Amino acid sequence: MTDQFDGPWKEVLDDFLPEFMEVCAPATHAQIDWDRGYEMLDKELQQICPVSETGARAVDKLAKVWLLTGEEKWFLVHIEVQSQRDTGLSRRMFVYFYRLFDKYNGREIVSLAILGDAHAKWQVAPYVRSWEGGRIEFCPGVVRLLDLEGELQDRAQAGNPFALIALAHLATQRTTPDEPDRMIGKLRLLRHLYDVGADRELIRRAFRLLDWLMKLSPELELDFQRQLHEMEEEKKMPYVTSIERLGFERGMEQGIEQGIEQGIERGEARGQRRSVLSILDVRFGPVPDEISRRLELVHEAAMLERLLLLAVTCSSLDVISDELPVLEDGQAKS
């Protein structure tokens with residue numbers, strides 16, 4: 001699993017566990033008393049499953065819920081996102097299962113694997129160990145997102161945020177950042193939330209995850225922002241294209257205001273470069289020295305205005321880096 005999928009999936013399970021269970025384990029979802037809330041047991045999971053053992057392809061989350069009967073139950077959710085066959089999946093899940101079972105005095109653990117691969121070419125076989133007179137067979141619950149795509153479409157239409165993110169995940173695997181189909185899909189998924197009248201906070205949380213997953217090229221990002229603005233004007237719900245949307249994560253409003261004051265209004269190259277750095281610093285934290293040095297080599301007004309717009313709309317520093325001249329032995333290379 002790449003970082004592109006890793007972070008969003010962790011947040012999906014933290015923020016939308018009920019909606020996730022509704023789609024991926026509906027029978028179990030109906031048994032849970034969601035009014036009591038739920039608790040993510042990251043500390044307990046890390047104690048028995050160090051990051052060095054889980055690898056970069058998987059996200060593991062442990063959640064505690066209460067059933068309608070009042071019984072406490074733990075769910076071990078394992079997210080696997082890859083296209084190749086992984087014969088070690090059942091074994092890893094078995095190891096996590098017995099470690100939790102042993103550490104927590106035989107506590108019942110429900111193990112569920114979510115397969116987000118783009119090509120359904122392999123099935124998860126049970127983990128089996130046999131010896132004379134004995135046998136162990138571990139069969140985790142398995143859900144493949146591709147198999148649920150029709151259900152995900154229906155749930156997304158009804159405003160289930162997990163279904164939206166799962167569809168975004170599948171669409172991201174099928175497209176590249178410079179494909180218009182990705183932008184169109186991203187707009188369509190957001191429209192579902194507006195159409196069902198989702199509240200402001202839900203739209204913002206879901207948008208952040210969609211934006212994180214479905215990264216667009218700079219050209220399509222600007223077109224996306226324009227079309228999203230038009231959609232919000234139509235719906236009279238300016239939730240994510242407003243200045244508040246641009247700054248909701250880390251106070252970016254301040255950076256934008258500085259950018260306008262120092263760059264656009266004054267029209268100075270030095271001020272515009274400072275504006276770009278201010279906005280990037282507010283959005284992503286301290287800007288690497290290499291990017292700052294490469295930015296100093298940009299003097300053209302049109303390019304600086306483009307960089308300022310990208311600083312406001314881009315999804316990562318990599319987008320800015322791709323636009324800057326490359327330093328080579330202290331010189332810029334076109």
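The analysis underlying the following values was restricted to heavy atoms, covering all of them including side chains, and did not include hydrogens, waters or symmetry mates. The structure presented is a predicted model; accordingly, all values stated were derived computationally and were not measured.
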Would you indicate whether the side-chain heavy atoms of Pro325 and Val298 approach each other to under 4.5 Å?
yes

Backbone N or O of Leu148 within a donor-acceptor pair of the Glu151 side chain at under 3.5 Å?
no

Taking salt bridge (Lys or Arg N to Asp or Glu O under 4.0 Å) as the test, write out the residues that go with Asp181, two or more places apart.
none

Distance-only, no hydrogens or angles: does the Trp66 side chain make a donor-acceptor pair with backbone N or O of Asp35 under 3.5 Å?
no

Partner of Phe94 under ring-ring contact (aromatic ring centres under 6.0 Å, His included), chosen from Tyr98, Phe97, Tyr96:
Tyr98

Across all chains, not counting sequence neighbours, the salt bridge (Lys or Arg N to Asp or Glu O under 4.0 Å) partners of Lys73 are Glu108

If you draw a 6.0 Å radius around CZ in Arg91, do more than 12 non-hydrogen atoms from other residues or ligands fall strictly inside?
no

Just wondering, do Ser321 and Glu290 contact through their side chains at under 4.5 Å, heavy atoms?
no

Salt-bridge contact Glu149-Arg174 (side-chain N to carboxylate O under 4.0 Å):
yes

Is a donor on one side and an acceptor on the other found under 3.5 Å between the side chain of Arg135 and the backbone of Ser130?
no

Spacing of Leu187 atom CG and Arg182 atom CZ [to the nearest 0.5 Å]:
13.5 Å

Side chains of Gln153 and Gln157: is there a donor and an acceptor less than 3.5 Å apart?
no

I'd like to know if Ile165 and Trp212 are part of one continuous hydrophobic network [Ile/Leu/Val/Met/Phe/Trp/Tyr, side-chain heavy atoms within less than 4.5 Å].
yes

Would you compute the distance between atom CG of Leu297 and atom OG of Ser292 and round it to the nearest 0.5 angstrom?
11.5 Å

In Å and rounded to the nearest 0.5 Å, what is the CZ to CD distance from Arg107 to Glu44?
9.5 Å

I'd like to know if Val124 and Phe138 are part of one continuous hydrophobic network [Ile/Leu/Val/Met/Phe/Trp/Tyr, side-chain heavy atoms within less than 4.5 Å].
yes

Check for me, please, whether Val23 and Val196 land in the same ILVMFWY cluster - side-chain distances under 4.5 Å, paths through other members count.
no

Show the nearest heavy-atom pair for residues Leu308 and Ser275, with the distance to one decimal.
CD1-CB, 3.7 Å

With a 4.5 Å limit on heavy-atom distance, are the side chains of Leu76 and Leu45 in contact?
yes

Less than 4.5 Å apart, any side-chain heavy atom of Phe16 and any of Leu209?
yes

Side chain of His169, backbone of Gly116: donor and acceptor closer than 3.5 Å?
yes

Joint cluster assignment, Phe101 & Val128, ILVMFWY side-chain distance < 4.5 Å:
no

Pairwise distance CG(Leu295) to CG(Leu280) - rounded to 0.5 angstrom:
8.0 Å

Quick one, Leu89 and Met93 - any side-chain contact, counting heavy atoms below 4.5 Å?
yes

Okay, side chain of Tyr38, backbone of Asp14: is any donor-acceptor separation there less than 3.5 Å?
yes

What do you reckon, is CZ of Arg226 surrounded by more than 12 foreign heavy atoms closer than 6.0 Å?
yes

Inter-residue atom distance Leu210.CG - Leu189.CG, 0.5 Å rounding:
6.0 Å

Take a 6.0 Å sphere around OH of Tyr104 and say whether it holds more than 12 heavy atoms from other residues, nucleotides or ligands.
yes

Arg205 side chain near Pro161 side chain, heavy-atom distance below 4.5 Å
no

How many angstroms lie between CG in Leu324 and CZ in Arg293, if you round to the nearest 0.5 Å?
12.0 Å

Do Phe162 and Phe20 make the cut of ring centroids closer than 6.0 angstrom?
yes

Summary of salt bridge (charged side-chain N to carboxylate O under 4.0 Å, His left out) pairs that have at least one residue in residues 185-198, sequence neighbours excluded:
Lys186-Asp211, Arg191-Glu234, Asp195-Lys235

Without swapping roles, check the side chain of Arg99 against the backbone of Ile48 for a donor-acceptor pair under 3.5 Å.
yes

Would a 4.5 Å heavy-atom cut-off, applied to side chains only, mark Thr28 and Phe75 as touching?
yes

Tell me if a side-chain donor or acceptor on Ser90 pairs with a main-chain N or O of Ala125 at a distance below 3.5 Å.
yes

Are Val110 and Leu68 in one and the same hydrophobic cluster, where Ile, Leu, Val, Met, Phe, Trp and Tyr link if side-chain heavy atoms are under 4.5 Å apart?
no

